[in-house]
Amino acid sequence: MNFYAKLELPYCSEQMFRESQFKSSTTWSSIISCFIQNELPLRGLEYFKLMLRNDGMFPDDYIFPCATKACAMMNDYCFGQSVHCLAVKVGFEGNVFVGSSIVDMYAKCGNLRDARKVFDEMPERNVVSWSGMIYGYAQMGEDEEALKLFKDALWEGLEVNDFTFSSVIRVCGNSTLFELGKQMHGLCLKLSYDETSFVGSAVISMYSKSGMIEGAYRVFNEVSDKNLGMWNAMLIACAQHADTKSVFELFKKMENAGMKPNFITFLCVLYACSHAGLVKEGKHYFSMMKEYGIEPGSQHYASMVDLLGRAGKLQEAMKLIEEMPMQPTESVWGALLTGCRIHGNTELASSVADRVFELGPVSPGLHVLLSNAYAAAGRYQEAAKARKMLKDRGQKKETGLSWVEEGNRIHTFAAGDMTHEFSEEIYRKLEELGEDMERAGYVADTSYVLKEVGAEEKSQTIKYHSERLAIAFALITFPPERPIRVMKNLRVCGDCHVAIKFMSKCTGRIIIVRDNNRFHRFENGKCSCGDYW
DNA sequence: TTAATGTCAT
């Protein structure tokens with residue numbers, strides 16, 4: 001039966017299963033895992049139910065992990081919970097295999113609270129349980145928790161492995177914790193984890209997101225047997241660094257190497273086209289997807305709408321949305337509204353707002369965009385109504401925060417923050433630098449104070465936006481040759497973008513700022529995004 | 001016969 005499963009012949013296995021007269025636990029777990037291996041989790045679960053109902057067979061430490069994995073694959077939290085209950089009932093929740101797989105299932109369904117509860121109550125934990133929990137936090141963007149747990153794992157003397165590292169390195173990349181990420185990469189090399197494994201792509205991405213495209217290339221070039229993840233990671237690295245030419249070259253090289261692009265590959269390429277304003281090329285790659293037998297997903301459509309919208313082809317973007325075979329997602333509308341804002345098409349934007357609000361509640365981010373669209377079109381009543389709706393639901397925009405890594409510490413700043421121990425020096429540095437910047441031709445553009453709706457932009461705080469405080473702190477404490485990496489949870493405002501260009505010029509430093517939607521590497525008065533953002 | 005990983009983006 002396993003023989004057939006490995007050959008991807010689940011129905012042959014099924015036939016054999018039916019014919020076998022004595023069904024042991026092994027027989028049952030084999031048939032369930034056979035369907036899982038062949039990506040038929042629903043069929044797997046059907047057999048799981050059949051076993052419980054007709055055979056009077058109790059699941060064991062082999063069968064439970066199969067069942068939970070099927071739930072995880074289907075993102076079926078409810079059924080996963082019943083499997084968990086059953087495991088408790090028949091006394092298998094203490095088993096390390098069963099426990100770990102339940103943790104993994106909850107984490108994959110996005111329920112970290114349940115995952116953590118099971119994890120904390122496990123009588124015995126091993127590297128799989130720990131890695132699963134860390135992965136869960138990383139997956140949901142809970143970077144701090146992921147790192148905390150990793151530290152706990154080391155404290156417990158756990159021997160971590162490449163599974164653990166791939167999650168931790170990913171967290172470092174996402175939060176621009178370059179120093180830590182570099183250490184982790186070093187550790188992987190020391191423990192001789194193969195870079196061709198999953199660690200490789202995470203390392204490439206981490207270097208890229210920290211502004212070190214050279215480091216990303218080094219890892220990429222050193223490995224001769226590159227997997228698809230590494231190609232994709234390198235593609236997006238070039239795209240993030242606005243090196244569109246290399247993106248196209250890499251894509252060609254990839255095809256020549258016989259590597260088949262997947263849906264993520266096309267997201268990378270479309271992302272590159274949209275941020276470089278290359279409409280013709282974008283359309284070319286979008287239609288190429290069909291040749292590779294890949295159906296464009298909503299994310300690909302969002303990318304295309306972004307591309308067309310930024311280029312001012314708003315009607316064409318709208319037409320593409322109408323043609324979508326699925327419901328347009330929030331990112332698709334968001335992309336269209338961004339295009340409308342850039343090109344001042346208030347009419348289309350406000351009609352989009354009418355349409356989207358009719359469909360039902362939207363996320364706070366999109367809600368703000370939509371109410372701004374009304375305001376821009378002069379429909380102030382609707383704008384006020386939309387804002388009130390948001391307020392009534394108690395949804396607030398996130399507080400703008402920037403952070404910077406220094407030694408083993410992460411220093412976090414909010415706009416106008418005076419709480420940092422070096423506050424006095426930071427503000428003095430900003431004053432001093434401000435004078436240099438003005439001499440170099442910088443003029444503060446206070447219009448952003450009025451344009452941007454949000455907590456940070458009130459009154460005179462523009463001079464002290466969180467990213468500026470973080471940069472000033474780094475200027476004071478970092479050695480002169482060290483690039484400054486700042487991460488921000490909101491979008492950098494237009495004035496800060498200009499200001500940081502001047503900062504890089506006046507100080508001769510490389511300043512890398514990652515905000516929630518773009519990547520900026522400032523060097524000698526220029527930004528890698530080419531002001532196209 | 002057992003369990004877990006990466007690469008996109010919002």
Side-chain angles (χ1 to χ4, degrees), chain A residues 1-2 5-6 24-34 36-37 59-69 72 92 95-105 107-108 115 126-136 138-139 141 160-170 173-174 193 195-206 208-209 216 220 226-237 239-240 261-272 274-275 297-300 302-303 306 329-335 338 363 365-366 369 491 516-519:
Chain A
M1 201 155 79
N2 269 340
K6 294 216 170 72
S24 64
S25 148
T26 316
T27 329
W28 282 106
S29 64
S30 298
I31 191 70
I32 300 169
S33 88
C34 169
I36 289 168
Q37 276 172 45
D60 60 11
D61 51 336
Y62 288 85
I63 293 170
F64 275 120
C66 293
T68 51
K69 181 162 186 185
F92 268 104
N95 178 282
V96 69
F97 287 93
V98 177
S100 302
S101 62
I102 293 173
V103 168
D104 177 64
M105 180 272 298
K108 283 201 177 119
N126 63 13
V127 65
V128 177
S129 349
W130 284 91
S131 304
M133 195 62 235
I134 293 172
Y135 169 80
Q139 178 81 357
V160 291
N161 63 15
D162 45 346
F163 281 73
T164 334
F165 277 117
S166 66
S167 291
V168 173
I169 291 173
R170 178 172 164 206
N174 285 342
Y193 289 133
E195 277 177 339
T196 57
S197 73
F198 293 100
V199 172
S201 46
V203 171
I204 291 171
S205 166
M206 184 274 294
S208 163
K209 287 176 176 169
F220 181 75
K226 306 181 215 316
N227 60 29
L228 183 57
M230 295 182 76
W231 282 99
N232 287 345
M234 200 60 230
L235 276 172
I236 200 68
Q240 278 166 337
N262 69 353
F263 75 105
I264 291 182
T265 315
F266 282 101
L267 281 177
C268 300
V269 180
L270 291 177
Y271 172 91
S274 109
H275 289 299
S298 65
Q299 293 152 301
H300 299 97
S303 227
D306 186 67
T329 54
E330 291 205 345
S331 354
V332 173
W333 293 122
T338 307
S363 72
L366 186 63
L369 278 179
R491 191 176 183 274
N516 65 346
N517 88 146
R518 279 312 298 266
F519 173 88

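Chain identifiers are assigned alphabetically (A, B, ...) following the order of the sequence lines, protein sequences preceding nucleic acid strands; residue numbering begins at 1 within each chain.
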ask   = Along nucleotides 2-7 of chain B, 5' to 3', which nucleotides get a B, which get an S, and which get a -, given that the test is a protein heavy-atom distance under 4.0 Å?
value = BBBBBB
ask   = Given atom CG of A:L270 and atom P of B:dT10, what is their separation to the nearest angstrom?
value = 14 Å
ask   = What residues form a salt bridge (Lys or Arg N to Asp or Glu O under 4.0 Å) with A:K226, not counting sequence neighbours?
value = none
key: A:D162: partners by side-chain contact (heavy atoms from CB on, under 4.5 Å), with sequence neighbours left out   = A:Y193, A:S197, A:V199
query = With sequence neighbours left out, what residues match A:F163 under side-chain contact (heavy atoms from CB on, under 4.5 Å)?
reply = A:S131, A:N161
request  = Taking side-chain contact (heavy atoms from CB on, under 4.5 Å) as the test, write out the residues that go with A:A202, two or more places apart.
outcome  = A:I169
query = Over how many whole Å does the gap from A:I31 atom CD1 to B:dT1 atom P extend?
reply = 17 Å
message = On the side chain of A:T26, is there an atom forming a donor-acceptor pair with the base of B:dT1 - under 3.5 Å, no angle test?
response = yes
remark   = Residue set satisfying side-chain contact (heavy atoms from CB on, under 4.5 Å) with A:S303, at least two apart, ordered chain then number -> A:L270
